[in-house]
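Data first, discussion second: the structure below is written as structure tokens.
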Amino acid sequence: MAFITASWNPLGDAFYRKTDLYEMSWSLRDGLRDSLVAAAPYGGPIALLREPQRRSPSSRPQLEIYSASGGTIASFPWKSGPVVQLGWTVSDELLCIQEDGTVLIYDLFGSFKRHFSMGQEVVQSQVMEAKVFHSPYGTGIAIVTSSSRFTLATNIDDLKLRRLPEVPGLQGKPSCWVVLTQDRQTKVLLSNGPELFILDNTSCTVVCPPGLSPQDGNIVHMSVSFSYKYLALLTDSGHLWTAFLLHPFNLEFTCLPRCRRPKSQQPSVVLMWDRLLLVVGVCNETIQYPIEDPCVLVGEMDGVRIISSSNQELLQEVPLVCQDIFKIASMAPGALLLEAHREYEKSSQKADEYLREIKEQSMLGEAVRQCVEAAGHEYDTNTQKSLMRAASFGKCFLTDFSPDQFVTTCRELRVLNAVRDSSVGLPLTHTQFKQLTLQVLIDRLVYRQFYPLAIEVCRYLKIPDYQGVSRVLKHWASCKVQQKDLTDDAIARAVCMKVGDSPGVSYSDIAAKAYECGRAELAIKLLDFEARSGEQVPLLLKMKRSQLALSKAVESGDTDLGECFTGRSQPLQTGFCKLQEQETLKDLYNQDDDHQELANYYVTASYREKRLEGRLSLLQSAVDEYNKAKNEFAVKTTEDEMRLLRFQRKLDDEKGAGLLGLSLQVTMETLLSLGLHKQAEQLYKDFRVPDKRYWWLKLKSLAEKEEWDELEKFSKSKKSPIGYLAFVEVCIKCNNKYEAKKYVSKVTPEQKVKAHLAVGDLEGAADAAIERRNEAEIGAVLSRCSASNSLVIERLNRARAAIAKK
Amino acid sequence: MRLRRSHLICCAASKEKMAAHLSYGRVNLNILREAARKELREFLDKCAGSKAIVWDEYLTGPFGLIAQYSLLKEHEVEKMFTLKNGRLPPADVKNIIFFVRPRLELMDIIADNITSEDRHHSSRDFHILFVPRRSMLCEQRLKEQGVLASFINIDEYILDLIPYDGDLLSMEYESAFRECYLENDQTSLYHTAKGLMTLQALYGTIPQIYGKGECARLVANMMLRMKREFAGSQNQILPVFDTLLLLDRNVDLLTPLATQLTYEGLIDEIYGISNGYVKLPPEKFAQKKQGEGSKDLPTEPKKLQLNSAEELYAEIRDKNFNAVGAALSKKAKIISAAFEERHNAKTVGEIKQFVSQLPHMQAARSSLANHTSIAELIKDITTSEAFFDNLTVEQEFMTGVDTDKVNTYIEDCIAQKDPLIKILRLVCMQSVCNNGLKHKVMDYYKREILQTYGYEHMLTLNNLEKAGLLKPQTGSRNNYPTIRKTLKLWMEDANEQNPNDISYVYSGYSPLSIRLTQILARPGWRSIEEVLKMLPGPHFEERQQLPSGLHKKRQQGENRTTLVFFLGGVTYAEIAALRFLSQVEDSGMEYVIATTKLINGTTWIKSLMDRPESPTQ
């Protein structure tokens, strides 16, 4: 522990340290010499192409892909043309840029995905140099051809080639160049001897950075920082010039501000020679590290990874908080807390003294925070532990201290330590992890097929299933269905067992994948697990399993899915055809031999038909169908309807009665009002109209026409089926009290009171009520009496009292 | 003059409270409304610039419950038109937005609108908003008509459950019952399930689901399936509802056929409440204009909004109509006493306090005046002999008197050519109460109806048969009396003034659907297993797993909440009965009601008719 600072080297105010990441597990026969190497940032994979320039067809160069810890992922002989440059995209795909401008894309496991070309003209002039760069839009490629022309593609997933203008005076390739990207623009900065140019879509401008004179010699190297914020130029006279790019495209270089701690970390430049690594700071101091082997430098956002054939190290500025804690004789609260804890473990009372000291400055909270933060930056698990323990120790003496930072850091460190393990090989620093986000980390694990680890991570960090475990399982399943050596059954069983009912996993997506790989049977088996019937339908249809699709669509209840079909299913179809065409509906009923519905269809149609003949023939079809459906009532009724229509037409023709389309009742009504009694009578008999209704009809009709004699005759024609109260009421309604009174005597005893009241005869009503000894009726009469009927009231009251006595 | 100003104040006040009544209930339904409004705003903002909305007329009612014109105006909606054939009316706007249901006939009209658009100097952008769901079919139709490409945005506005009142949600899906039971079309059930999923997303997973009926089973199945598919992010909301009860309307066909006897129920029976508004004959409301001479009586029907935001209405809406008079006069006394207070106000402070209460009191007074007028209107009808006779027959049927014979009253009504719907309601009721009619009786009724009202109604009769409202008696015994007795559907001594049982809503008859709900809460359906088997469709229970930590820790005496979903419609009287149950002190259960549509016997039968006639005929 005391030797933590042993690996630190001072540079100006800052310290730099090298941390061992891995003993590389690869065994490279010739080291990294004569190889094209590309290593992705954020602890990404490493691609290696041996002797790319060797052109003998007998021995093809080998393309190898390793994890960051040197574990072999893929290896295969390179069969295409000579490769100029290798590079990785942001989504861990390997780009191989060939001399003829073709770019081949491989996935992490070395399977070919696609290719594209950097333009026709490149084919003749050949790519001299190429660079892969990253911008907020994705991964881009820049090339320079032997005719000294630059071509840019800012995003290879949305390929748009831009040919940049010519650079005056440039022959062959420039001495050095970089791609700058910021604020939605991408430009190339290049040097030709001592001159510096900036190249954009339309123009090529000479730039003269202040403080760099032509006497300083030709620019031989240039480099731009990870964040595109800093630029470094090296001239052949050995001058190193650095700048802070405020606005890279106007190249307004400001002299690097003399940053003072703790405001911001200082930029520094790492230079590598064959046997020497040099870190140069703004303060003009340097640190020298000897190297034995050819190395590859991988720029990260917070340091540089140095990969040699045998091991890998991280060179970074010691984070401020770590400096505070571990610097010799540091009195920072964190440092004191760490010391306090150490003493406490030794059961020494000095622990208390240290704690007191921190507490006197009320810095305990700060001390805990420092320890937690520093733990995040440490790579060694023992150091992490001692810092976290110190923090936890300090926390005990605090009230109201939010444990969030402590807990999150603990969890994140566990995850980071797990993925840093050389079997996984993702050497992420805490800062990088924060930048990368957890989502992406899980994606990367999944992409590398570390499914169990990914699931563990999700569970451990309590990520909602939908974004976590389920997503991992989905990827796993999609990968599983491609395993050719397993039977459909075995795969389906395995998938079902693992995925189970995990929410958010779409079996139809997995099935689609299986179908893509030509395993239709497997796809169907998987679809059975799909919860959303709706989702099953499109794929089943694509697989031409319409019968199955149909039943699933019905199950889903979503009528809209019916769109997919053109036949068969009943429930879905009717709902569906109802929306569409009546005709289709008819065909459907026909197909299904649904006579009842077919008949109903004809009836409906008959009402749309204007011509009587058409109407009758449709109704006849309806009758036929009703017959087949054995619906006797409907047959009879429809026949009646046809009979009525014919009758109406006949009378319309003869008398112009305007009957067509009226109901039977209204027809009779009209006939009576026209005085066509005989015809009405005929209908009454023909259609077996119940007496009651006919009597009502005739009664009303005669009263309305005020044919009182006719009415009286009619009342005597036979015993009224509707009683005689109706006569009384109808007469009163037509304001003829005189006629009404004629019928009062004929009314049945039960209705007598009502009848008397209707004609306004209180005396009669009272007599009837008293006679019937009905209390309710007596009450009804009473309620109609006014003060002038005192005699009647008295009689009624007496009668009521008499009833009550009994 | 003074009166008018106070009227204005009360208008302003009521507008402000527009949605406040939604948050009064046990469950704050305003959350749902706000969610709906947010989505609407987001869509409107998608179409930048001034806009005109072309409305599918059917949608304006339901939308009114979600957003007033002021909201649309805030988002640059300048004009509104009704969707019809031909050229769109001129409007100087950047965007034309069609708000439509996904119906093919509407697509044709839209296509016609667009093709007749003057292409030369029109640079208007077109958008479609499908309510409640976009449909491939409709888009296909637009494509066939060659106009699909004219649309910049085609979106859906998922408006399944609309908050209607503090304890009431409706889908305002008129044809739901017809589609489910006549046309075998489950679209409405799909929307129901979707709506319930939305509800659960906002109010937490409902741990227990009960149901009775085919459709209920289907909805529950769809919900469970959808749960599995959405599941993803586990719903982390503490559940507001403890139970969901899904009830098919066809489990209880009887209740909607009976005439509702609560205040609100009668308003709906007589005048029809649509989307929370009722239109009343203006005569009774005339005296308002006292000061301006009573020469010109208003001729426009009086339109009133009815919901629990109005204090008085909330108080009397669910009372039996016979108890409304007393409540109104009591209220009148309180109000005039309050106004009398002013004589007691002596100090400036007292006067100030009195004045500050004035708007509220005046609002109360105008509300009282309105309801007194409405009650008078209704009373004229309920005291008529026709109403009494009709009710007598209904009650005879419900108590099982002579349900197996041709009923003279019905016969007479047919002879008098009373409105067909009235006849159908009675005949269906007789059929339901007799578990089907004898062949002879049924054929007689049918012939009478067809001869009197026209043969075209054969299709309607067919529909009623298909829906089970009218059916021939089959061999089995009439089981209605058993059901009636077990579920205590008829209470001889219903107390209308101070009810002690739900039977007060029909003055004796307790709605079957509500009895089922009541028994489910206590003592549970196991006690009526036999009767449940007699009613159509399966009954079932499902549990939805809650994530650990969301299990409610119930306080002592805290009520449970049940969401009762009526598939195929619910009547105001049934709602009143449920509200009554919520208020019964020891019930321990509160109810929130959801339905496909608020119905009454008339609107319900009408939705089943094939050539609906106007009831005035």
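Every chain is numbered from 1 and lettered A, B, ... according to where its sequence line falls, protein lines coming before strand lines. What you see is a predicted model, and the numbers here were worked out from it, not measured in a lab. The figures here come from the full heavy-atom set of this structure, side chains too, leaving out hydrogens, waters and symmetry mates.
- Looking at B:Lys466, the atoms closer than 4.5 Å to chain A (heavy atoms on both sides) all sit in the side chain, from C-beta outward.
- Neither the backbone nor the side chain of A:Leu662 comes within contact range of chain B; no heavy atoms are under 4.5 Å apart.
- Between the CZ atom in B:Arg447 and the CZ atom in A:Phe633 there is a gap of 7.5 Å [rounded to 0.5 Å].
- Atom CG of B:Asp610 sits about 8.0 Å away from atom CG of A:Asn600, to the nearest 0.5 Å.
- Listed by chain and residue number, nothing satisfies the salt bridge (Lys or Arg N to Asp or Glu O under 4.0 Å) test with B:Lys471 (two or more places apart in sequence, or in another chain).
- Salt bridge A:Lys754/B:Glu385: present, at least one basic N to carboxylate O contact under 4.0 Å.
- In this structure, chain B has heavy atoms under 4.5 Å from both the backbone and the side chain of A:Arg688.
- Counting heavy-atom pairs closer than 4.5 Å to chain B, the top-ranked of the candidates A:Lys700, A:Gln596, A:Arg693 is A:Arg693.
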Verdict with supporting geometry, B:Tyr455 and A:Val603, side-chain contact (heavy atoms from CB on, under 4.5 Å):
CA-CA 10 Å; B:Tyr455 288 106; A:Val603 172; over 6 Å; no
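- Note that CD of A:Gln665 is 9.5 Å distant from CD1 of B:Ile414, once rounded to the nearest 0.5 Å.
- No other option in A:Lys692, A:Arg471, A:Lys636 has as many heavy-atom pairs under 4.5 Å with chain B as A:Lys692.
- Atoms OG and CD, on A:Ser663 and B:Glu456 in that order, are 8.0 Å from each other to the nearest 0.5 Å.
- Separating the OG1 atom in A:Thr637 from the CG atom in B:Asp443 is a distance of 8.0 Å, to the nearest 0.5 Å.
- Contacts of B:Glu411 with chain A are made by side-chain atoms alone, with heavy-atom separations under 4.5 Å and no backbone atom involved.
- Contact annotation for B:Asn462: only side-chain heavy atoms (C-beta onward) come within less than 4.5 Å of a heavy atom of chain A.
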side-chain contact (heavy atoms from CB on, under 4.5 Å) between A:Leu664 and B:Thr452: does it pass, once the steps are laid out?
CA-CA 6 Å; A:Leu664 177 63; B:Thr452 309; over 6 Å; no
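- Remark: B:Phe388 CZ is loosely packed, at most 12 non-hydrogen atoms of other residues, nucleotides or ligands lying under 6.0 Å away.
- Residues B:Gln451 and A:Pro690 approach most closely at OE1-CD, 4.5 Å, considering heavy atoms.
- Comparing A:Val666, A:Leu697, A:Asp640 by heavy-atom pairs within less than 4.5 Å of chain B, the highest count is held by A:Asp640.
- For A:Glu632, the CD atom sits in a loose shell: 12 or fewer heavy atoms of surrounding residues, nucleotides or ligands are nearer than 6.0 Å.
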